[in-house]
Amino acid sequence: MKITLENYEAYYLDYIEGNLNSKDTDEFLSFLLIHPELQIEDIEFTSIKEYNTLTLPDTIKSKILRIPEVETKFSNLCIEKIEGLLSENENEKLIALIEKEQRYQYEFNLYSKTKLHADQSIIYPFKSSLIKGKKRNLFPYFSILAAASVVGIIYLTYQSNTIENKQKKYQSSIIKNTNKNPQLQLVTRTSINPTPRKQEIKPRNQIKQELLKVDLAIPHEKTINNTQTDNDLAIIPDSTPNRSTPVAQFKQNYISQNTENVIYSNKSLVFSSVFNETRSTLKELNIAFKSMKLTDEDKKNLLTESQLFHDKLSKSANKALDFLDVNRIKTYINSIFAIKN
Amino acid sequence: MKLSEYNNLVELHADGIYRFALKHLKNEMDAQDIVQNTYLKTWEKHETIEVSKGKSYLFTVAINLIRNFVTYEKRFTSEELANQHTYNESSSQFDLKEILDNALEQLPEIQKSVILLRDYEGYNYEEIGKITNLSESQVKVYIFRARKTLQGILKDQSLVV
């Protein structure tokens, strides 16, 4: 609608003088229907056209002319109110005006709605890319990959080697004295337990129990015989040994205290060597990436692929961590990274 | 400005600049470019910028980039505006936020900038003047004009309703 509170008075005069065309007349009358308060009481609109030559009384003219001024002042008051620029007196004036006429209240409500509010849910998605001081290359991704890979390798190493190593260790520490103690029975490597295959891997607790069984085969009254051979590995007593003897007690304690330590020290060695190899490889990779002058799209693809690879490895690593002692592995990884950093 | 202070500016104001640019450009990718370039330019000069003026500097750069973007790349072609107008009309006219968004689009760029800085970021007239390179009284006039225009559009819309 082109007739507004700011320009309606011109239309008003044209209408009174009969200068409006039919379209503008209809629009002006519609406007007056929306704003009945602007109609001049003393004039019958239906008969206005008959008095084209009528001279308006000064009172009416002044009433018409005063309206825009009041409107402008009111608008300014409303905006100043929103902007927090009103003095107490002006504020009271505004409130009085608003309470006086519903029209002013309507106008003021519209002004209040012009105060814009930011949508806090809209956030810049790449904020981390703006942060300075942190390396923004691919190395962090590969560090994670390296950690995950190492854990995976440990898992496999543990499966294939650890059980056999432990059995060997404890078997070799068993005292053999077949000549002096006829009650004892010679046990060969194959008669203890064959090395479990990957599919037959046993839980750690079960392995420990089996190692303890080996310990039970120790002839507690005897001393260590340094002449043991690879074929003569262990001697199992016919009956339950007396666990209270000093030698047996020592061995029992040794096994319970050191079994896991030994296992983990072996793992650590594997871990360290694999990690060092991985790290040097990653260094080379990192240098290579820098010299390749990758495009943004290449970098994006590479990062996506790295992320997928990382997710895949993480799943494998999590399986491994479930099988192993999670906390100890994590501590070890953390310590390695602490040193690196 | 130290490195940590620069990073702090990223944490505090990247979202605000993004919203500001988005309101002007109505395109996420363009707004993201503006944010990135704003911080890039700020980083290049970070050693000479005082921390207390960091936010103002960011918005000054952002506004200049937006102006350049609009002016030189001629993003708002008449055809696009016509399409946008059609879209706006066909969308729900009864939602105040949408009406305000559409109304904001009808403001001149400078009025849009000052009213967004005022309402979104809470700057006073003096600060807005420094950012936009206007006098305090000019800022006040632009804000008054912008609010009157917005109110007029709201009134027209409500009359239609």
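Numbered from 1 within each chain, the chains take letters A, B, ... in sequence-line order.
- Every side chain to side chain contact (heavy atoms under 4.5 Å, CB included) that B/Asn7 has, sequence neighbours left out, goes to A/Ile131, A/Lys132, B/Leu3.
- Proximity of a side-chain donor or acceptor of A/Asp24 to a complementary backbone N or O of A/Leu20 within less than 3.5 Å is not detected.
- With hydrogens and angles ignored, the 3.5 Å screen pairs a side-chain donor or acceptor of A/Glu90 with a backbone N or O of A/Ser87.
- Neither the backbone nor the side chain of B/Lys23 comes within less than 4.5 Å of any heavy atom in chain A.
- Minimum interatomic distance between B/Lys112 and B/Glu105 (heavy atoms only, all atoms of both residues): NZ-OE2, 3.5 Å.
- Contacts with chain A were tallied for B/Tyr125, B/Tyr120, B/Tyr6; B/Tyr120 has the most, counting heavy-atom pairs under 4.5 Å.
- Close placement of the A/Phe74 and A/Tyr104 rings is indicated, their centers lying within 6.0 Å of each other.
- There is no contact between B/Phe20 and chain A, counting heavy-atom distances below 4.5 Å.
- Both the backbone and the side chain of B/Gln36 have a heavy atom closer than 4.5 Å to some heavy atom of chain A.
- Aromatic pair A/Phe31/A/Tyr11: centroids not less than 6.0 angstrom apart.
- Neither the backbone nor the side chain of B/Leu9 comes within contact range of chain A, judged by heavy atoms closer than 4.5 Å.
- Using a 4.5 Å cut-off between heavy atoms, B/Glu121 makes no contact with chain A at all.
- Under the salt bridge (Lys or Arg N to Asp or Glu O under 4.0 Å) criterion, B/Lys130 pairs with B/Glu126, not counting sequence neighbours.
- In this structure, chain A has a heavy atom under 4.5 Å from the side chain of B/Tyr39, while its backbone stays farther away.
- With salt bridges taken as basic N to acidic carboxylate O contacts below 4.0 Å, one links B/Arg118 and A/Glu83.
- Taking B/His46 as the reference, B/Trp43 meet the ring-ring contact (aromatic ring centres under 6.0 Å, His included) condition, with sequence neighbours excluded.
- For B/Ile17, no part lies near chain A; criterion is any non-hydrogen pair under 4.5 Å.
- To the nearest 0.5 Å, atom CD1 of residue B/Ile131 and atom CZ of residue B/Phe59 are 7.0 Å apart.
- Proximity to chain B at a heavy-atom threshold of 4.5 Å picks out A/Tyr111, A/Lys113, A/Thr114, A/Lys115, A/Leu116, A/His117, A/Ala118, A/Asp119, A/Gln120, A/Ile122, A/Ile123, A/Tyr124 from residues 111-124 of chain A, in numerical order.
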